[in-house]
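Read the numbers this way: they start at 1 and go in the same order the structure lists the ligands and their atoms. When reading the values below, keep in mind they use all heavy atoms of this one structure, side chains included, and skip hydrogens, waters and symmetry mates.
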Amino acid sequence: MYITYLGTAAAEGVPAIFCDCEHCRYARAAGGKEIRMRSGALIDGVLKIDFGPDAYAQSLRFGLNYVPVNHVLITHSHEDHFSPDELARVIPPYSHRKEPLRVYGDARVGEKIAPYLKEGLLTFTQLEPFKTYEIGEYKVTPLQAVHALNSGEEPLFYLIEKDGRSLLYGHDTDFFTDADFDFLKDRRISLISMDCTNGILTDIRYIGHMGINKNIALREKLLSIGAADENTTFIANHFSHNGLVSHAEMEKRLPGFLVSYDGMTLRV
Ligand SMILES: [Zn+2]
Ligand SMILES: [Zn+2]
Ligand SMILES: [Zn+2]
């Protein structure tokens, strides 16, 4: 497998749409890896994870298209990850495609996409945590995210397996639940991508995202239970302008991790 990170920011993007803070000014001037669009990824060019407001612009930015994509895994219904109206462009007259686009996610995602669904063209399947599904050529298991607490939504994150390789796309979630750890134990996952929204900030009380301190602790925990081993690639991803430093500086502060950037492609 390979994964392409199309967008690596939290909801406001980096630089943030309306912000002129020190980091946003730096990012605008520096360009390159410091420009981060809203969150999403693509596996092998065919399996899309999340489809937010920048998904179309990202396809143009990186010279790809979504025509070969038949399956879209949505992690949760937050607007930076999920634009149901954009997915509905698969329906005529916006597209002349014949193959249905199949969207998967939690119950809230199902409610939000319901008005757009069209038999044989745009379908939705609700997924349950810790059940394994055959989706395209992949085995996909949703896990239980710690995110959007008290919203009534039960967000998911995904373990994706193919050809003996595995990828854990942990967005958006805080430190995993005990049920997640029980499921992941001894799986020796090939690549693990973690939420780093809080960046270098360590005094955040909000539950639902992580920063570098929790990423480092979670890496240790996953190694200790055999969910990961010395061959596992760890990625920090999904950054906010708050608590963000330059890409190079973030890599220094996260030993054992690669720091994502828009367009980063990794063989899994
Ligand atoms: Zn997010
Ligand atoms: Zn800012
Ligand atoms: Zn979110």
* Matching residue for His76 among His81, Arg108, Glu154 - test: side-chain contact (heavy atoms from CB on, under 4.5 Å) ->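 One option only clears the test, and that one is His81.
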
* Asked: Are more than 12 heavy atoms from other residues, nucleotides or ligands located less than 6.0 Å from atom OH of Tyr206?
  ->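 Enclosed: over 12 neighbouring heavy atoms sit under 6.0 Å from OH of Tyr206.
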
* To do: Check the surroundings of atom CG in Leu149: do more than 12 heavy atoms from other residues, nucleotides or ligands lie under 6.0 Å from it?
  =>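 Enclosed.
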
* Distance criterion under 2.8 Å: protein N/O/S atoms around the Zn ion (ligand 1) ->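 That number is 4, waters not included.
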
Check this for me: does any side-chain nitrogen of one of [X] and [Y] sit under 4.0 Å from a carboxylate oxygen of the other?
| X | Y | answer |
| --- | --- | --- |
| Glu86 | Arg89 | yes |
| Arg38 | Asp54 | yes |
| Lys139 | Glu134 | no |
| Glu249 | Arg253 | yes |

* Asked: What protein N/O/S atoms lie closer than 2.8 Å to the Zn ion (ligand 2)?
  ->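 You should have found Cys19 SG, Cys21 SG, Cys24 SG, His241 ND1.
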
* Stepwise, does the ring pair (Phe, Tyr, Trp, His ring centres under 6.0 Å) test hold for His78 with His171? -> CA-CA 11 Å; His78 283 167; His171 306 287; over 10 Å; no

* To do: Look up atom CD in Glu161 and atom OG1 in Thr141, then write down how far apart they are to the nearest 0.5 Å.
  =>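 Reported to 0.5 Å precision, the distance equals 5.5 Å.
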
